[in-house]
Structures are given as C-alpha cells and as structure tokens.
Number of protein chains: 2
Amino acid sequence: MSYPGLMAIDRDAVLKAAVTVLSRQPTAHLDEIARVAGISRASLHRIFPGRDALIREVGLLGLRRYNSALDTAAIETGDTAAALRRLVEVLVPDAALCAFLAGENQLFDDPELCALWEEQDARVRAFFLRGQQEGAFRIELPAGWLSEAFFDLLAGVGWAVQDGRLAPRDSAFALTELFLGGALRRSTS
Amino acid sequence: MSYPGLMAIDRDAVLKAAVTVLSRQPTAHLDEIARVAGISRASLHRIFPGRDALIREVGLLGLRRYNSALDTAAIETGDTAAALRRLVEVLVPDAALCAFLAGENQLFDDPELCALWEEQDARVRAFFLRGQQEGAFRIELPAGWLSEAFFDLLAGVGWAVQDGRLAPRDSAFALTELFLGGALRRSTS
DNA sequence: CTCATTTGAGACATCCATGTCTCAGCTGAG
DNA sequence: CTCAGCTGAGACATGGATGTCTCAAATGAG
C-alpha cells in the first residue's frame, strides 16, 4: 500500500534539486530539473502540476526558511549585532535558496508570496531599526537599505558558494564581517 | 538620404530601454522591450537580428561601461579607499546595467563575454589585493570575495533604485558607506 | 509467486515567443 | 508635389518547451 506521505519526501528532494538548478539558471528546462532530481519528467509532473507550480513552491520554501531563520535566530531578542551573527549562521546553509529569491522578481506577481515577503521584510527592517535605536547599527544608513543589502549579500554568498568561488566553511564569516565591519581596515597605528 | 549613424542613435536608446526592462525581468518578451523603447517589434528586429543578439549587446554594453568606469576612477592610482569612492560615483548611474549582468549568469556561455568579464574581474581583484597590501582593506576577507560582494551590492543598488526603494541621490553614499564601513556603529563612548 | 502501484520512456498535441514577410502610411529630401 | 526610404501593424510560419497520454518495466507488499 502506498501512503500519501511518500510524495512529501519526494517533494522535498525535488525542491532541493530545483533550487540547485534554478538559482543559477532561472530559465532551466523541466527536463534538466528532473534529471538533477533523479526522476523522470513524468514523475516531476505528477508531483507538481506544472512549471509555475514548481517555481511557486520553491519560492514559498525560500520564504518559509527565511522566516523560520528569523525565529531561530531570535532577532527580536537581545543584542542586535549578536542576533545578526546568529541569523547569518542559520541562513547561510540556505543561501542558494535566497539567491533564487533575489533573482526571481517575477515571483512577486503572486499576491500571497508578495504579502509574505512584505511581512518578513518589515520584520527585518524593524530589526535593523531597533539596532539603530540601540546604538548598534549606524543611523546614516536607512534600515530598509540595510535589510535589502543584507539580503543581496546573502544571495551573493549563495552564488559564490555554488560556483566554488567561496568555501562554505568561510561563507558565514565573510558575510558577517563584511556586512557588519565593512571592507575598510581600522587604523590600529 | 539616410546615413548609417542614424541607427546607432536608435541602438543606444533601445539598449537603454532594454536594460530598464531586462534588469527586472530577464524573461521579458520582445514586445515589451519594443514597447518601452517606443518602437515596433519589426524595427527592433531590424536593429538587432534577434533576442540573443540583443541580450548579448546589453551584456557587452555593461561590460564596456564597467571597464571604462575602472579607467575613469583610475583604480590603479593612489589611495585605494579614495579610488573605491570614485569608482562608486562613476558606477552608480549604471547600477541597473550591473544588476542585469548580475542576474544573467547564462550570459557567460559566450566565450568572448566570459573572457572580458574574467579580465575585468581580475583587475578589480588586483585592486582589492593592492588595498589589502597597503593596509587600507581588511586582510581577513579574500580579495575575490570583496570584488564579488561589491558587485552584488552595486546590483542591489540598481534594483533598489529602479523599484523606488532607494533614492538615486542617496545611492552612492549608501553603497560606499556600507561597503567600506559596514553596518556596525563605531563605539564613540 | 501474484498483483496492485509506481515509475520511466516515449509519443503525441498544444501553446507561445520568436523570426519572417508583406503592405500601407508617414516622412523628408529634392 | 513626387518619390524613395523608413516605420508600424499585422499575418503567417517555425521551433521549442510544456502538458498529457499510454504502456511496459520495476517495485514492493501480501
């Protein structure tokens, strides 16, 4: 007998494969995605009704992961700089997923996804605003820009890691240090 | 009588329109690009043989602008931090073009474009390496990562400005300050 | 083993963007 | 005005990805 849960397992594996392919090549064919996922195009169609549905699911997965990362890092709690370091640690493994989100602007035509994103982005903006009010983050830079730039760098980490230009081991450090401390060396003379 | 130069004028205007559309929606139809450019699809096809040719031209334009920006900013000359500030000033007006480049990974299938990019990226990497050796940039962060992160942030500026989330007037400051100084406020207590 | 279920390979049909063509209208030089 | 050339609108063909189907092979429970 087959139980409905079986497909759920496949779904996750397929979604993961889809992220791998789509984050680099948003226009990749379904054949390619199916190949990387190790299933046939027919089975891919059995799991997801069509391309749009697949893309949407990947987007939803990304937003859910991002949101749960905000929870796990407890960004509303305690020192904001420390919270950001936690957030990076949690988020870096899903950097490719965020890279996909960053590159797929068309995805926000969907009202539900758009609303979800807006909600989460507001949360991150509020986080940076709190950090500014508490004196941790610079006030010359708009909180909205900090939020967006952080996400852009996260996506950049995702691309760099996938292409082998950045070691996964170093990615969290590279992101945290550059974003928080900047490229400029502090004069220690 | 018509002179060959006339089409060159149209080319630039069309390319500019194409950048506007494609940087946000890489899969935009030619009809949409033609509409934004204010010409018919037929004329668009008269200027560029096809979609691939158009995309390629936009990519080439981006690479050329990026390269000439490196020249204009004279990144091989003098203080590296000051050079980076100059580079940002020169590059920010073309941020949308860089956003297009950042999102169009498939573009580097073309050997010529790929070689051009590699050449320019090496130049930027050398710039950051020089800055590190001169004590201006932090040595904990790989020069390659600095180069890539800079470009990612530049693309982020392009997207943010196009969507009205960042004022063009503030974009150079936002980019320079975040990249060089980071988000963390220096303790002045 | 037996049978129900699932999967994969392939053959279609369909849709849509692209590429090509024609022709009428406009423009600008003479 | 006259005419050559450019442009836009639209029709049409084409190609390629997608969506749907069938059937044989593999799987796996009993």
Side-chain angles (χ1 to χ4, degrees), chain A residues 1-61 100 103-107 109-110 113, chain B residues 1-61 100 103-107 109-110 113:
Chain A
M1 199 221 300
S2 73
Y3 54 101
L6 187 66
M7 184 176 268
I9 301 175
D10 283 337
R11 275 180 71 98
D12 288 351
V14 170
L15 281 176
K16 189 175 175 181
V19 169
T20 305
V21 177
L22 290 173
S23 63
R24 300 215 131 282
Q25 195 143 31
T27 63
H29 302 180
L30 293 184
D31 306 72
E32 176 70 6
I33 297 173
R35 198 182 59 80
V36 173
I39 62 176
S40 69
R41 200 163 65 89
S43 291
L44 180 60
H45 249 280
R46 287 184 187 107
I47 303 176
F48 299 100
R51 175 176 242 278
D52 292 342
L54 174 60
I55 300 283
R56 203 187 118 91
E57 286 298 310
V58 175
L60 249 164
L61 175 65
F100 167 80
E104 200 76 359
N105 298 82
Q106 187 169 7
L107 199 139
D109 292 346
D110 188 297
L113 290 190
Chain B
M1 198 217 306
S2 73
Y3 53 102
L6 187 64
M7 184 176 269
I9 301 174
D10 283 337
R11 273 180 72 97
D12 288 350
V14 170
L15 281 176
K16 188 176 176 181
V19 169
T20 305
V21 177
L22 290 173
S23 63
R24 279 246 124 264
Q25 195 143 31
T27 64
H29 302 177
L30 293 184
D31 307 70
E32 175 70 6
I33 297 172
R35 199 182 59 79
V36 173
I39 62 176
S40 68
R41 201 163 65 88
S43 290
L44 178 60
H45 212 274
R46 285 182 188 110
I47 302 176
F48 300 100
R51 176 177 242 277
D52 292 343
L54 174 60
I55 300 284
R56 205 186 116 90
E57 287 298 312
V58 175
L60 248 162
L61 175 64
F100 168 79
E104 200 77 359
N105 297 81
Q106 189 170 8
L107 199 139
D109 292 347
D110 189 297
L113 290 190

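Chain A is the first sequence line, chain B the second, and so forth, proteins listed ahead of strands; every chain is numbered from 1.
- Using a 4.5 Å cut-off on side-chain heavy atoms (C-beta onward), A/Ile55 and A/Phe100 make contact.
- Considering only heavy atoms from C-beta on, B/Leu107 stays 4.5 Å or farther from B/Val58 through its side chain.
- Residues meeting the side-chain contact (heavy atoms from CB on, under 4.5 Å) test with A/Ala53, sequence neighbours left out: A/Pro49.
- Rounded to whole Å, the distance from CD1 on B/Ile55 to C1' on C/dT18 is 13 Å.
- For A/Thr20, the side-chain contact (heavy atoms from CB on, under 4.5 Å) partners two or more places apart in sequence, or in a different chain, are A/Gln162.
- With sequence neighbours excluded, the residues forming a side chain to side chain donor-acceptor pair (under 3.5 Å) with B/Arg24 are B/Asp163, listed by chain and number.
- Over its full length, the helix from C/dC1-D/dG30 to C/dG30-D/dC1 turns its helical axis through 30°, comparing axes from the five pairs at each end and rounding to 10°.
- Listed for the B/Ser23 side chain is a donor-acceptor partner under 3.5 Å among the backbone atoms of B/Val19.
- Sorted by first then second residue, the side chain to side chain donor-acceptor pair (under 3.5 Å) pairs that include residues 48-58 of chain A, not counting sequence neighbours, are A/Arg11-A/Glu57, A/Arg56-A/Asp110, A/Arg56-A/Glu112.
- Among residues two or more places apart in sequence or in another chain, the side-chain contact (heavy atoms from CB on, under 4.5 Å) test is passed with A/Val21 by A/Ala28, A/Glu32, A/Ile33, A/Val36.
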Task: Under 4.0 Å protein heavy-atom contacts per nucleotide of nucleotides 8-21 of chain D, with B for base, S for backbone only and - for none - done: BB-B-----SBBB-

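- We find that CD1 of A/Ile47 is positioned 13 Å from C1' of C/dG8, with the value rounded to whole Å.
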